[in-house]
A.B. asks: 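My questions will all concern the structure given below.
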Amino acid sequence: MNPTEIYDALSDLASQPFDDSIFPYDFALATDAAKATVDKLRKGATNRSDLPGGVLLSRRFHFAPAGGTEQATVDVVLEQLKASPRNKQAKPAILLTTDGTMLAAFHPASGESLHCPLDEMAKHFGFFLPAAGKERYRAVEENPVDVQATGKLAKLYDALIRHNPEWKNPSHTHIMNQFMMRLIFCLFSEDVGIFPKDQFSRLVLDYGGREGEALHIVLQAGFEAMNLPKDERSHLPDWTAPLEYVNGGLFAGDITIPTFDVTAFRYLKDACALDWKDINPDIFGSMIQSVADTGIRAELGMHYTSVPNIRKVIDPLFLDGLRSEVQKDWDKPAALQKLLHKLGHIHIFDPACGSGNFLVIAYRQLRELEMTILQRLATLNGNDTMELFSTIPIANFHGIECADFAAETAKLALFIAEYQANALFAERFGRAIAPLPLREAAHIVCGNALRLDWEAVCPPPGDGELVYIIGNPPFLGSTYQNAEQKADMAITFSGAVKNYKGLDYVAAWFFKAARYIQGRQAEAALVSTNSLCQGQAVNALWPDLLGEALEISFAHTSFKWRNNASHNAAVICIIVGLRNRPETKTTTILKRLFTGETEHQATNINAYLLDAPDVFIEKASKSLFGLPVMTYGNKPTDNGHLILSPEEKDRLLQQAPQAEPFIRRFMGSKEAINDLERYCLWIDDAELEQAKQIPPIAERIEATYAARLAMKDARNNQKLLDRPWQFREHDAPQNHAYLVPSISSERRPYLPVLRVKSDTISSNKNFVLYDAPEWCFALLVSRMHWVWSGTVCGRLKTDFQYSNTLGWHTFPVPTLTEADKEALKQSGRAIMRVRASYFDKSLAELYDPDKMPADLWEAHQANDALLEGLYNKGQPFTNDTQRLEHLFRRYAAHVAQSRKKQTTRKKRSTTKKQEG
DNA sequence: AATCCGACATGGT
DNA sequence: ACCATGTCGGATT
């Protein structure tokens, strides 16, 4: 259910006669619980409540009736609900009670409570969204008009599609969307006074026919008229004469109107009856899109940026600064006047604007600030002495969007935002501004942001002007980019960034933004996937992007993507602000580093989003510090045919007991960490003929061949086709191996490294040290290595994604004497011994931070103390920051030294050449 | 020839 | 449906 449906369901519920034995179940249904769930709840099977007449549905809500025999008031019952010990486990999102007249509810997560008459419950539907498993969203909550409007439009849309089935066709979606936009504009305009009051509604009612049969003809002529100045309408019916000429291209282009049936006609009349003047343009754009078909619904809703996240971009980028300027100049009229002038010369540019959310929010915030200044000036100077008008035109707002429906929505949304700000202005200062014909619209260009010249969309700032680039561009890893997107990347990066091909699509926006702002009165801040500041992307992108000229001005570190769409995109985001370095080295401007809710003032923010000097870790194919080479595991590329589940293994052995020597234990990350069983076929070349004699094995080899043949990456797989009885690598330990899971949870305080014997084969989900000296284990499971690899390797979401080239081969280690190695070996053995004493526990259990055994902790701490003593003259570090600082320092020193060596070598060779 | 990554993927509750 | 936590093989160097 989407918020609209929940709103409808709750208003239904509130209007029904109250019965406290039915109410909680109806409430469950209204808040999107499945029917089967409610049935179980009704039978009591899943009801966790301990209160009389209470109903507690896990994670959703806890209800208890008020009134009844004891005449308990809603307040008293709400307190009982809050006190219920059952909440601890079931974690209801909402507590509520009612006596049939009054309702009281509580939202434990925020501590907010609600008191209202039961029949007004739907009005506060936003409060109940958590009971439907949806995060609350203030703007929605405060504004039922948006929801009602969207609901009405959705019904109209559905009815039109039902009556005009061919419009469901993809070829018609565009004109359908356009039609809806134009309709919305008319509905809004006649309510806010852009059109004469009710002009459009009257048109619909007077000329639409009794059942809407003539409506398409009326709208056809009407919309055409709105696209023409009044003196160019001679070919149109006379009644179009009074219709306003709406500039701004809203009615330009193909005008095709669907036919209406009675139902569609009625929904349109409903929509006409609604008061559109209070709709919220910031989220309305996104909501309108949810009117369209469900595919688009999921897709678009998923990626629109919530207001709190937009604020994370625009507040640190420019609003906070402007606000403090206002505060500083609060008593200085001349300075405030100057500030007003500045506001009028700020340009906001969103090169991935979608339906314009960022632009609208930015616009509103600036107008709000402007009004604050004007009010203050009025107080200081007296009301009459000043001119009152807004210096912030929407023409200062620029955007690029590839979907033209969204681009049109953005224009409309900004127009509506402007109108609303003007209305507020008129209310506060008693002066109005004429709305039609539409003045300069916002500069929204429909096109591909990576092919367009940004300076043509948003001209570079002139004297006294400022440009702020903001937005949330699309994220797409290189594997997921299509041919066109790859071409976009090439156009953006070739010649400027060498290893751009592995970068995320979003990197292109960052790069263009960086180039745009360089050397200008301009700054940028964009939302990104966190992978842009992790792993190999750091060294691939950031040195070229920042160059000498730019720096990171502020950043939000990884946070989970969230908006109020029902299916949230699964991604972790960051926000990065870019600006020109101050001209003199001595001036440092504040750098803000946000982590969750906390803010930290940084001296520098590097491309890993750490308060540390700029470092870029480069991949290394062998250790820079003399450690053994770590290898990539055995990659199956087999569609599962070489791999056996325990059941498959048993079946195979039943069929062919002689297969036994060809079966080995097989481990990826998951198996290594959780001690799960899995097996694989392991056939040395010399044994091939023997293995092929076993029919089930021969079949699997055939199947692997077929699978490899069918795979996409034919060029890469050619060699694999020659030996379908083996994995791509064929590496097994002689004696032992250390497996480092490539992916593991970030919660564990140490990397879950596993030691295995020669009977175990590692998949490519682990990196492997084959037959390495034992002291290596002490390094792998040290906190030093945890910190280092966690920082410089990539992540999957926020979990560790280990890498040999980035994490192990770059891992700075002091020179170790034989005695050091022996001590480390013993210390590693001590850890192994403790682990062995918990032989029935997996690494996942042993290294669960909540359950980690004390003796294992102690063994690790001893290991850390020993190792860190070697790094730091016998002094272990006290925290991870110290550890990381030290490691970065060692890495930087190594890089500097090897560079020096290189230059001397080069010099020597050139001298030699000259001599020769 | 060898990896890094995922507006993910998927099992468990 | 959400939460926790790591498969798998494509695309790139």
Side-chain angles (χ1 to χ4, degrees), chain A residues 1 32-34 37 58-60 91 93 132-135 298-305 472-481 486 489 498-506 527-532 534-538 540 560-563 565-573 619 621 629-640 643 668-674 676 678 707-708 710-720 728-729 731 741-748 752 763-767 793-807 809 844 848:
Chain A
M1 280 167 99
D32 206 16
T37 312
S58 269
R59 289 170 187 279
R60 298 307 192 95
K91 297 195 179 103
K134 291 176 177 29
E135 188 185 287
E299 173 65 16
L300 292 173
M302 208 164 160
H303 293 156
Y304 92 86
T305 315
N472 178 355
F475 314 157
L476 215 51
S478 66
T479 339
Y480 296 83
Q481 292 161 14
K486 285 189 195 302
M489 295 287 281
K498 209 173 109 215
N499 294 331
Y500 71 87
K501 283 187 180 172
L503 293 173
D504 195 285
Y505 201 37
V506 70
V527 184
S528 168
T529 163
N530 61 354
S531 65
L532 205 65
Q534 288 167 2
Q536 62 179 6
V538 175
K560 210 169 164 178
W561 175 258
R562 276 225 156 265
N563 63 22
S566 45
H567 293 291
N568 270 201
V571 69
I572 308 288
C573 298
K619 288 200 247 187
S621 55
V629 169
M630 184 180 282
T631 44
Y632 191 72
N634 299 289
K635 189 169 178 175
T637 337
D638 68 337
N639 259 0
I643 301 170
S669 296
K670 202 172 185 173
E671 288 77 22
I673 292 170
N674 299 294
L676 303 175
R678 221 175 170 202
R708 287 179 179 173
M711 276 171 188
K712 228 176 153 182
D713 194 5
R715 195 171 53 84
N716 210 345
N717 291 337
Q718 190 56 51
K719 282 185 189 158
L720 290 180
R728 199 190 59 190
E729 292 78 10
D731 298 328
S742 70
I743 302 222
S744 66
S745 168
E746 61 166 346
R747 291 178 66 241
R748 303 184 183 115
S763 89
N764 64 323
K765 298 347 288 173
N766 298 304
F767 291 89
C793 294
R795 303 253 177 162
L796 175 56
K797 293 182 70 102
T798 57
D799 287 342
F800 292 144
Q801 181 140 283
Y802 193 83
S803 143
N804 53 352
T805 60
L806 284 166
H809 295 155
D848 183 327

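Within every chain, numbering begins at 1; the chains are lettered A, B, ... in the order of the sequence lines, protein sequences first and strands thereafter. All values below were derived from every heavy atom in this structure, side-chain atoms included, with hydrogens, water molecules and symmetry-related copies excluded.
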A.B. asks: Nearest whole Å is fine: how far is dT10(B) C1' from L676(A) CG?
C.D. replies: 14 Å

A.B. asks: Separation of R795(A) atom CZ from dC5(B) atom P, in whole Å?
C.D. replies: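 One finds 12 Å between P of dC5(B) and CZ of R795(A), rounded.
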
A.B. asks: Categorize K635(A) for me: base, sugar-phosphate, or nothing, with a 4.0 angstrom heavy-atom threshold over every strand shown.
C.D. replies: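 The residue K635(A) makes base contact.
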
A.B. asks: At less than 4.0 Å, is any side-chain N or O atom of T805(A) found next to OP1 or OP2 of dC4(B)? Yes or no.
C.D. replies: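 Checking T805(A) against dC4(B): at least one side-chain N or O falls below 4.0 Å of OP1 or OP2.
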
A.B. asks: side-chain contact (heavy atoms from CB on, under 4.5 Å), that's the test. Do N634(A) and D731(A) meet it? Break it down for me.
C.D. replies: CA-CA 7 Å; N634(A) 299 289; D731(A) 298 328; 3.8 Å; yes

A.B. asks: Could you tell me whether the side chain of R59(A) has a donor or acceptor atom within less than 3.5 Å of a complementary atom in the base of dA1(C)?
C.D. replies: no

A.B. asks: How about N639(A) and M711(A): do any of their side-chain heavy atoms sit closer than 4.5 Å?
C.D. replies: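 A side-chain contact exists here, since the closest heavy-atom pair is under 4.5 Å.
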
A.B. asks: Look at K486(A) and dA11(C) and indicate whether a side-chain polar atom (N or O) is within less than 4.0 Å of OP1 or OP2.
C.D. replies: no

A.B. asks: Locate the shortest heavy-atom distance separating R747(A) from D848(A); write the atom from each residue and the value.
C.D. replies: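 That closest heavy-atom pairing would be NH2-OD1, 3.7 Å.
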
A.B. asks: Taking the six-membered ring for Trp, are F767(A) and Y632(A) ring centroids under 6.0 Å apart?
C.D. replies: yes

A.B. asks: By the 4.0 Å heavy-atom rule, please label P473(A) as base, sugar-phosphate, or nothing.
C.D. replies: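 Touches a base.
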
A.B. asks: Whole angstrom is fine here: how far is it from CZ in R708(A) over to P in dG9(C)?
C.D. replies: 10 Å

A.B. asks: Atom CG of N804(A) to atom C1' of dC4(B): distance rounded to whole Å?
C.D. replies: 10 Å

A.B. asks: In whole angstrom, give me the gap between the C1' atoms of dT13(C) and dA7(B).
C.D. replies: 25 Å

A.B. asks: Searching all strands shown, indicate the nucleotide that pairs with dT12(C) (Watson-Crick or G-U wobble; both distances under 3.5 Å).
C.D. replies: dA2(B)

A.B. asks: Kindly indicate whether the side chain of S742(A), heavy atoms from C-beta on, has any atom under 4.5 Å from the side chain of K765(A).
C.D. replies: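 In contact.
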
A.B. asks: Round to a whole Å and report the spacing from CG of N766(A) to P of dA2(B).
C.D. replies: 18 Å

A.B. asks: Return the stacking result for dA2(B) and Y632(A): yes when the ring centres lie under 5.5 Å apart and the planes under 30°, no otherwise.
C.D. replies: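 Stack criterion not met.
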
A.B. asks: Is the shortest heavy-atom distance from the side chain of T529(A) to the side chain of W561(A) under 4.5 Å?
C.D. replies: no

A.B. asks: Rounded to whole Å, how long is the line connecting atom CH2 of W561(A) with atom P of dA7(B)?
C.D. replies: 14 Å

A.B. asks: Is it the case that the base of dA7(B) and the side chain of D504(A) share a donor-acceptor contact (distance under 3.5 Å, atom types as modelled)?
C.D. replies: no

A.B. asks: Map G640(A) and K560(A) onto DNA chain C by nearest heavy atom, then report which one ends up closer to the 5' terminus.
C.D. replies: K560(A)

A.B. asks: Over all strands shown, is S763(A) touching base, sugar-phosphate only, or nothing at heavy-atom distances under 4.0 angstrom?
C.D. replies: nothing

A.B. asks: Is the phosphate of dC5(B) approached by S531(A) (side-chain N or O, under 4.0 Å from OP1 or OP2)?
C.D. replies: no

A.B. asks: Using a cutoff of under 3.5 Å, can you pull out all pairs of nitrogen or oxygen atoms linking the protein to nucleotides 6-8 of chain C, with atom names and distances?
C.D. replies:
unit_1: dG6(C); atom_1: OP1; unit_2: N674(A); atom_2: ND2; d: 3.4
unit_1: dG6(C); atom_1: OP2; unit_2: S745(A); atom_2: N; d: 3.1
unit_1: dG6(C); atom_1: OP2; unit_2: R748(A); atom_2: NH1; d: 2.9
unit_1: dG6(C); atom_1: OP2; unit_2: R748(A); atom_2: NH2; d: 3.2
unit_1: dG6(C); atom_1: N7; unit_2: D799(A); atom_2: OD2; d: 3.1
unit_1: dT7(C); atom_1: OP1; unit_2: S669(A); atom_2: N; d: 3.1
unit_1: dT7(C); atom_1: OP1; unit_2: K670(A); atom_2: N; d: 2.7
unit_1: dC8(C); atom_1: OP1; unit_2: R678(A); atom_2: NH2; d: 3.2
unit_1: dC8(C); atom_1: OP2; unit_2: R678(A); atom_2: NH1; d: 3.3
unit_1: dC8(C); atom_1: OP2; unit_2: R678(A); atom_2: NH2; d: 3.4
unit_1: dC8(C); atom_1: N4; unit_2: K765(A); atom_2: NZ; d: 2.9

A.B. asks: Tell me the interatomic distance from K498(A), atom NZ, to dT12(C), atom P, rounded to whole angstroms.
C.D. replies: 16 Å

A.B. asks: Looking at dA1(C), which nucleotide sits across from it as a Watson-Crick or G-U wobble partner, both distances under 3.5 angstrom, or is there none?
C.D. replies: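 Answer to the pairing question: dT13(B), which forms a Watson-Crick or G-U pair with dA1(C).
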
A.B. asks: Answer yes or no: is there a side-chain heavy-atom contact under 4.5 Å between I572(A) and R795(A)?
C.D. replies: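 No; the side chains remain at least 4.5 Å from each other.
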
A.B. asks: How many whole angstroms separate atom CD of Q536(A) from atom C1' of dT3(B)?
C.D. replies: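 Going from CD in Q536(A) over to C1' in dT3(B) covers 8 Å.
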
A.B. asks: Grab the two heavy atoms, one from C793(A) and one from Q801(A), that are nearest each other, plus how far apart they are.
C.D. replies: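 In terms of heavy atoms, the two residues are closest at CB-O, 3.3 Å.
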
